[in-house]
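Data first, discussion second: the structure below is written as structure tokens.
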Amino acid sequence: MSDNLKIVALAGGVGGAKLADGLAQCLSSDQLTIIVNTGDDFNHLGLSISPDLDTVCYTLAGLANPQTGWGRKDESWRTLQEVKRLDGADWFNLGDLDLATHLVRTQRIQEGQTLSEITSDFCRRWGVDVPVYPMSDTPVRTFIHTKDGRRMPFQEYFVKEQCIPELTSIELMGIEKARAPEKALIALQQADCVIFCPSNPFVSIDPILAVPDIKHCIQNKKILAVSPLIGGKALKGPAAKMFRELGFDPNAAQVAKHYQSILSFFILDEKDKEQIPFIEGWGIICEAMNIFMPDRITRKRLARKVLSFLEKNI
Ligand code: FO1
């Protein structure tokens with residue numbers, strides 16, 4: 001693998017974290033920077049919670065729960081049981097180990113540290129060498145507008161109501177004032193390619209691209225996206241349902257079309273390879289690979305293939 005290729009990966013959620021982990025297994029910490037969605041952050045039980053940031057960091061550290069992809073492995077739930085007994089809000093599953101992350105982060109935010117400073121320090125302590133940055137050091141909050149007229153905070157839609165309400169639009173509160181960490185912007189300026197990990201386009205990648213500094217920095221960059229859909233289905237999460245409710249067919253080609261104006265390269269699953277001619281017709285260079293990543297070995301294998309594709313095509 002080329003030692004000089006510099007990559008910035010944009011990620012959010014479980015699928016994105018998996019490819020980020022594969023890339024981290026192939027590239028040095030000088031070559032790879034990961035920028036993570038924080039539009040799904042929220043305050044819960046008085047705590048500052050950054051679910052996508054934690055999912056990426058735990059995954060890179062080998063600490064993630066292998067069943068859910070979010071939260072910690074070897075977790076216990078005694079605090080949550082007591083929260084329930086006291087009639088507290090127990091719909092968001094916070095395990096005992098995970099709670100330590102939120103407790104310390106909340107305290108440090110209250111003391112004036114930035115989310116990127118706290119994340120860098122946690123990563124160092126968890127043994128993650130690749131730089132991981134939140135997309136913004138100022139809060140951005142995703143709200144889901146639903147067909148029944150509600151404006152729902154993202155985690156209430158996603159976890160409490162299990163994405164059942166029909167979505168009509170997505171609002172990113174605070175996005176105009178969002179500021180990406182300086183080091184994330186420097187990494188973007190120096191990157192040979194920006195990779196969109198197989199994350200939900202609407203609620204994971206679009207919020208990162210909507211941060212004004214990031215939007216500005218990625219103009220004229222080579223961009224590669226990996227499809228989060230295989231055979232019309234998301235492996236995890238509501239991406240396919242969201243495509244349908246927003247009026248699009250849930251398929252890989254629609255993902256490429258969604259990013260069409262900025263995309264140079266697109267990777268889709270071998271099962272979807274009949275869609276390649278449509279995507280190439282839009283001027284996007286496309287390749288089919290097995291993009292299913294059930295374990296750490298397959299994450300590395302996919303990352304290696306994506307990087308060799310880039311070396312040939314960039
Ligand atoms: N997702 C769920 O579906 N149910 C949960 O109870 C839940 C708890 C949770 C706790 C910590 C954390 O870091 C993530 C958690 N997630 C949970 C995942 C999270 O809601 C989503 O992955 C993202 O926000 C969407 O990308």
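In this chain, residues are counted from 1 in sequence order. Read the numbers this way: they start at 1 and go in the same order the structure lists the ligands and their atoms.
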Tell me, please, which residues at least two apart from W282 pass ring pair (Phe, Tyr, Trp, His ring centres under 6.0 Å).
none
Do S50 and D41 pair up side chain to side chain, a donor and an acceptor below 3.5 Å, judged on atom types alone?
yes
For the residue pair Q155 / H44, report whether a side-chain donor-acceptor contact shorter than 3.5 Å exists.
no
Show me a pair-per-line table, with atom names and distances to 0.1 Å, of protein N or O atoms that are under 3.5 Å from an N or O of ligand 1.
residue	atom	partner	partner atom	Å
ligand 1	1 (N)	W70	NE1	3.3
ligand 1	6 (O)	N93	N	3.0
ligand 1	6 (O)	N93	ND2	2.7
ligand 1	20 (O)	Q155	OE1	2.8
ligand 1	24 (O)	D40	OD2	2.5
ligand 1	24 (O)	Q155	NE2	2.7
ligand 1	26 (O)	D52	OD1	2.7

Can we call the ring centroids of F143 and F154 under 6.0 Å apart?
no
Aromatic centroids of W70 and Y58 separated by under 6.0 Å:
no
Given the options Q113, R108, R105, D121 meets side chain to side chain donor-acceptor pair (under 3.5 Å) only with R108
